[in-house]
Amino acid sequence: MSVAGCTLSRMDPLLTTHLLAPASRRRLERPRWEVRYDGRLIGWVQERRLGRAASTFYEGIVRIDGQAISLELSIDFEERCQKVFDAWRDPSSSPHTRRWLRLE
């Protein structure tokens, strides 16, 4: 699986990603993908580097009621996309969205 722009192999075929063009020409800007479900934008996944770690991490960001809510980091791109979908579909499924939306 390539993370450039694809239908994710282990998930619902309606869940897709698309690599966004960089917002600026800064060399250090990390890649960012749109996460869409049935063509509707539900969030983003952004590459993150932690210090000198050799691994690449991905941050899920879900869009609920116009708010961008950051989810935890993971080294698994597809798992982050699935987390964005799960949090969008059921905001009470994630502690981050529950806290943000004051559902706790």
Side-chain angles (χ1 to χ4, degrees):
M1 180 209 78
S2 165
V3 294
C6 60
T7 299
L8 302 168
S9 62
R10 294 182 279 174
M11 292 174 246
D12 189 319
L14 297 176
L15 187 62
T16 60
T17 63
H18 175 74
L19 180 62
L20 296 173
S24 69
R25 293 183 172 252
R26 290 180 34 215
R27 279 187 353 199
L28 300 176
E29 187 172 344
R30 297 286 176 201
R32 184 176 174 138
W33 293 264
E34 287 184 330
V35 180
R36 293 183 173 269
Y37 185 74
D38 197 19
R40 181 177 176 186
L41 178 66
I42 62 170
W44 302 269
V45 172
Q46 184 157 349
E47 183 180 292
R48 294 280 184 205
R49 299 294 269 187
L50 299 180
R52 296 181 183 207
S55 298
T56 298
F57 290 85
Y58 299 99
E59 175 186 18
I61 303 164
V62 65
R63 186 172 171 221
I64 299 175
D65 296 332
Q67 301 287 333
I69 304 169
S70 176
L71 306 173
E72 63 271 3
L73 299 173
S74 173
I75 59 172
D76 186 334
F77 180 82
E78 286 192 24
E79 190 265 339
R80 268 315 85 195
C81 293
Q82 184 65 47
K83 259 317 185 202
V84 168
F85 174 67
D86 292 343
W88 172 77
R89 184 185 57 195
D90 179 14
S92 65
S93 69
S94 166
H96 302 285
T97 54
R98 281 197 311 266
R99 187 171 35 252
W100 184 266
L101 298 172
R102 294 181 168 83
L103 298 176
E104 294 185 329

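We count residues from 1, following the sequence as given.
- With Leu71 as reference, Val84 is the one residue of Val84, Val45, Ile61 to meet the side-chain contact (heavy atoms from CB on, under 4.5 Å) rule.
- At a threshold of 4.5 Å between non-hydrogen side-chain atoms, the residues Phe77 and Thr17 count as touching.
- A distance of 9.0 Å separates CG of Asp90 from CD1 of Ile64, quoted to the nearest 0.5 Å.
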For the pair Arg49 and Arg30, evaluate side chain to side chain contact (heavy atoms under 4.5 Å, CB included) and give the outcome as yes or no after the intermediate values. CA-CA 9 Å; Arg49 299 294 269 187; Arg30 297 286 176 201; 3.0 Å; yes
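- In this structure, CG on Asp76 lies 10.5 Å from CD on Gln82, to the nearest 0.5 angstrom.
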Step-by-step side chain to side chain contact (heavy atoms under 4.5 Å, CB included) determination, Arg80 to Phe57: CA-CA 10 Å; Arg80 268 315 85 195; Phe57 290 85; over 6 Å; no
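- One finds the CD1 atom of Ile69 at 13.5 Å from the CH2 atom of Trp88 (value rounded to the nearest 0.5 Å).
- Relative ring orientation between Tyr58 and Trp33 is described as perpendicular, the plane-to-plane angle rising above 60° on a 0-90° scale split at 30° and 60°.
- Within 6.0 Å of CD1 on Ile75 lie no more than 12 heavy atoms contributed by other residues, nucleotides or ligands.
- Using a cutoff of 4.0 Å between basic side-chain nitrogens and carboxylate oxygens, Asp86 and Lys83 are not scored as salt-bridged.
- For the atom pair CH2 of Trp44 and CZ of Arg36, the computed distance is 9.5 Å after rounding to the nearest 0.5 Å.
- At distances below 3.5 Å, not a single donor-acceptor pair connects side-chain atoms of Asp65 with backbone N or O atoms of Gln67.
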Decide side chain to side chain contact (heavy atoms under 4.5 Å, CB included) for Arg63 and Ile42; before the verdict, give the C-alpha distance in whole Å, the side-chain angles of both, and the deciding distance to 0.1 Å. CA-CA 5 Å; Arg63 186 172 171 221; Ile42 62 170; 5.8 Å; no
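- To the nearest 0.5 angstrom, Tyr37 atom OH is 4.5 Å from Leu14 atom CG.
- Side chain of Arg98 to main chain of Ser92: a donor-acceptor pair is present (N/O by atom type, distance under 3.5 Å, no hydrogens or angles).
- Glu59 pairs with exactly one of Arg32, Glu47, Arg48, Glu72 by the side-chain contact (heavy atoms from CB on, under 4.5 Å) rule, that one being Arg48.
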